[in-house]
Amino acid sequence: MDRMDCRLTPPPSDRMHALDVDTLKLREEVFDYARRRMNYEPAPLDASRSPEELAALIPPTVTEAGLGGLPALKIFEDVLAPSCISVDNPGFLSFIPAAPTEAATLFDLIVSASSIYGGSWAEGAGAVYAENEVLTWLARETGLPAGAGGVFVQGGTLGNLSALVAARHTARMERERLGEPLPRRWAFACSAEAHSSLKSAARVMDVDIIPVPIGDSGKMRGPDVEETVSDWDGVFAVVATAGTTNFGIVDDLRSVGEVAHTNNAWFHVDGAYGLAGILAPSTRDLFDGVDQADSFIVDPHKWLFAPFDACALVYRNPSLAKAAHTQHAEYLDVLTETGDWNPSDYAYHLSRRPRGLPLWFSLATHGVGAYRDAVESNIQLARQIAAEIERRPGMALVRQPELSNVVFTRDGWSANDYAQWSNDLLRRDIAFVVPSSHLGQPNTRFSIVNPQTTFETLVKILDTMEKI
Ligand SMILES: *Cc1c(COP(=O)(O)O)cnc(C)c1O
């Protein structure tokens, strides 16, 4: 029997779940919109609008009676969607963009249509199995032992927090087991180039950050960590960054991991952006030592070509995370007392969408080799455009790119010059490249994670800097 034949006739009080003519029409219109959006090559960059501009363009949309699906969809397509910058446009080079594959985006539609609860094995076994296959693959790439595993969470911020909570819980349990006193304050160490989410995690957890000084290389190294943490009691983790958000610098994971472990601290690797670089033959060696990690994160929505929002969080020993994170309540006992693998148990969350599935489907479709090639192509392009910047009079690299972020300056430009130039680029639908700064000096930067971005795209942008 076709599933639709057995759809219950909804009670008359429910006008919203009925599969009536209007709903079926709306379904086709929504699919058509998705098709139109995906058919763009590329989607226009578009631009942000102020609340006042938006209020002037559209009527109030949340009303007692509702607008009807088609009018609401039209408002979205005509006004709201074009008021969002298209992150997947090859000229979007700011922050860390996202460039989902067709397969990943398509599967995100399926995840949305499927109403899968991804928090427990009992409810989402098939989805969790597929997500776990991806996490196991990531663990293998980084050299973690069999048994490593974790969960896809919303983003790197939540991934870092969840890993650090597991680390502190483990440290506390260990002290209690040994009958040692707890420290006055808990603390973790990381470099000044580490991501802002770590400061945020420290605030949420009410722990201290021990800043590890780094030299001009921008790389945190073991001896510097050793010197910094040796005077502290209560160091429960050392966090290395595998690809800083600004420059893409990978800390010296081998020596930092060793020092973390000789100090009995958890070694967490924040690879939200950069750890994808381990897939590329030419940068694989930068990640030497990541196999010592007690946990790592990498965001598929950054450089693994998946849609927002997903962070892969992997633990060497998932049972430590489970001990820290499992929520207990009588209404959950039926799930938590089974011994099943429940993704909810491995991070600070409970209900979850199986957000790893778009990446799973794309990997299953294209194979890992296509991912290696795509990441490598971004790295090669970064090197090529870096050489071009060095060659051009009046332009300079702030430093050589290590992965796919290229930070550079135009001689004599003030922050205001960069801002005007940036606005003009977006207005002309050429690119979205925002001004930035390093040590107080203004600059700009290309963050290249889209395989559709070409040398020509980037040269065209450089040309606009010369003509001004
Ligand atoms: C982007 C980033 C994060 C935060 O990830 P979100 O997914 O934006 O929460 C953490 N660490 C690093 C190094 C990042 O680049």
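Both ligands and their constituent atoms are indexed starting at 1 by order of listing. What you see is a predicted model, and the numbers here were worked out from it, not measured in a lab.
No side-chain heavy atom of V433 sits less than 4.5 Å from a side-chain heavy atom of F92.
Partner S191 forms a side chain to side chain contact (heavy atoms under 4.5 Å, CB included) with one of M220, R221, K219 and no other, that one being M220.
D299 pairs by the salt bridge (charged side-chain N to carboxylate O under 4.0 Å, His left out) definition with K302, not counting sequence neighbours. For D206, the salt bridge (charged side-chain N to carboxylate O under 4.0 Å, His left out) partners are R185, not counting sequence neighbours.
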Starting from the N and O atoms of ligand 1, collect every protein N/O partner closer than 3.5 Å and put each pair on its own line with the distance to 0.1 Å.
unit_1	atom_1	unit_2	atom_2	d
ligand 1	5 (O)	G156	N	3.3
ligand 1	5 (O)	D299	OD2	3.3
ligand 1	7 (O)	G156	N	2.7
ligand 1	7 (O)	D299	OD2	2.6
ligand 1	7 (O)	H301	NE2	3.0
ligand 1	9 (O)	G156	N	3.1
ligand 1	9 (O)	T157	N	2.8
ligand 1	9 (O)	T157	OG1	2.7
ligand 1	11 (N)	D270	OD1	3.1
ligand 1	11 (N)	D270	OD2	2.7
ligand 1	15 (O)	T245	OG1	2.8
ligand 1	15 (O)	K302	NZ	2.9

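Contacts classified as salt bridge (charged side-chain N to carboxylate O under 4.0 Å, His left out) and involving residues 261-272 (residues at least two apart or in different chains) are not found.
A salt bridge links E141 and R372; the closest N-O separation between the charged side-chain nitrogens and carboxylate oxygens is under 4.0 Å.
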